[in-house]
Amino acid sequence: EPEVTQTPSHQVTQMGQEVILRCVPISNHLYFYWYRQILGQKVEFLVSFYNNEISEKSEIFDDQFSVERPDGSNFTLKIRSTKLEDSAMYFCASSQTSGDPIQETQYFGPGTRLLVL
Amino acid sequence: DQQVKQNSPSLSVQEGRISILNCDYTNSMFDYFLWYKKYPAEGPTFLISISSIKDKNEDGRFTVFLNKSAKHLSLHIVPSQPGDSAVYFCAASEGTGTASKLTFGTGTRLQVTL
């Protein structure tokens, strides 16, 4: 069964450093998302991406964050200058298409645990 | 901003019995609802969904009920199995035809005991 994959599984970085989290969405999916879950809190939406541009972003997704689809398979989340409060589990998700709710179901990757020291 | 609420942080059920997980929402624009299951250190796994035009959707042991007037949905698991022990998240989205963001509840930890 196709699945979303994410690398690395864990990332430890120093405050102020840049990190890039990588995701390979399901191959025939067209919509891509990033969510995060701070320890003990709920899963929060960060950004959605379609047709090589951001569709929607939350207030969390400020200028320190960017997303990119550098090639036909990868989808990346970059945090330019990490802060302590960026420590969280980051989940990538993808969905097939729009117009049909069933096809819009988002499938999640296993996550990258980011720890900022 | 608690648009999706799961008021029970935990639930313990005996194997073979019914598990009922509840979810309430406040945003009347939500029209698609999903349940995800999550094990520690893994991503949310899609379980079952329901569109706002329906009041029930069933898939094997899992049934989701939607009461739009009460802005309430529930997930029934019958019979419950030890492998069902996980955190269950209710999620909702508004509008199709776009890359609609999911709004999640805080989760309910289900423990199925032998």
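Chain letters run A, B, ... following the sequence lines, proteins first, then strands; residues in each count from 1.
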Exercise for the section: Using heavy atoms and a sub-4.5 Å threshold, report which of residues 68-76 of chain B line up against chain A, by residue number. Expected result: none

Exercise for the section: Assess whether atom NZ of A:Lys83 is packed by more than 12 heavy atoms of other residues, nucleotides or ligands within 6.0 Å. Expected result: yes

Problem - Residue A:Gln37 versus chain B: region with a heavy atom under 4.5 Å - result: side chain

Practice task
May I ask you to list the residues sharing a hydrophobic cluster with B:Ile18, side-chain cutoff 4.5 Å, ordered by chain and number?
Solution key: B:Ile20, B:Val78

Exercise for the section: Following the transitive rule for hydrophobic clusters with a side-chain heavy-atom cut-off under 4.5 Å over Ile, Leu, Val, Met, Phe, Trp and Tyr, establish whether A:Phe49 and A:Ile60 coincide in one cluster. Expected result: yes

Practice task
Would you kindly confirm whether B:Leu66 and B:Phe62 end up in one hydrophobic cluster when ILVMFWY residues are joined by side chain heavy atoms under 4.5 Å apart?
Solution key: yes

Exercise for the section: May I ask whether A:Ile38 and A:Leu114 are part of the same hydrophobic cluster, defined by side-chain heavy atoms of I, L, V, M, F, W, Y residues being less than 4.5 angstrom apart, directly or through others? Expected result: no

Problem - Polar contact flag, side-chain donor to acceptor under 3.5 angstrom, A:Thr105-B:Tyr32 - result: yes

Problem - CZ/B:Arg109: more than 12 non-hydrogen atoms of other groups inside 6.0 Å - result: no

Handout entry: Verify same cluster id: A:Phe65, A:Ile20 (apolar side-chain graph, 4.5 Å)
Key = no

Practice task
Evaluate whether atom CG of A:Leu39 has more than 12 neighbouring non-hydrogen atoms of other residues, nucleotides or ligands under 6.0 angstrom away.
Solution key: no

Handout entry: Segment of B:Ala91 engaging chain A (4.5 angstrom heavy-atom cut-off)
Key = neither

Completion exercise
Taken to the nearest 0.5 Å, the spacing of B:Cys90 SG from A:Lys42 NZ works out to 10.5 Å

Fill in the blank from the handout: To the nearest 0.5 Å, atom NZ of A:Lys57 lies from atom NZ of B:Lys101 at 13.0 Å

Completion exercise
Ordered numerically, the heavy-atom neighbours of chain B under 4.5 Å found in residues 84-94 of chain A are A:Met89, A:Phe91

Practice task
Using a heavy-atom cutoff of under 4.5 Å, enumerate the residues of residues 10-18 of chain A that contact chain B, numbered in order, or state 'none'.
Solution key: none

Exercise for the section: Answer with yes or no whether the hydrophobic clustering places B:Ile50 together with B:Phe65; edges join I, L, V, M, F, W, Y residues whose side-chain heavy atoms lie under 4.5 Å apart. Expected result: no

Practice task
Would you give the length of the straight line joining atom CD of A:Gln106 to atom CZ of B:Phe46, rounded to the nearest 0.5 angstrom?
Solution key: 11.0 Å

Problem - Toward chain A, the part of B:Tyr36 with a non-hydrogen atom under 4.5 Å - result: side chain

Exercise for the section: Please say which of A:Tyr35, A:Phe45, A:Tyr33 ends up in a side chain to side chain contact (heavy atoms under 4.5 Å, CB included) with B:Leu102. Expected result: A:Tyr35

Problem - Neighbour count >12 (heavy atoms, 6.0 Å) for atom CZ, A:Arg80 - result: yes

Practice task
Evaluate whether atom CG of A:Asp62 has more than 12 neighbouring non-hydrogen atoms of other residues, nucleotides or ligands under 6.0 angstrom away.
Solution key: yes

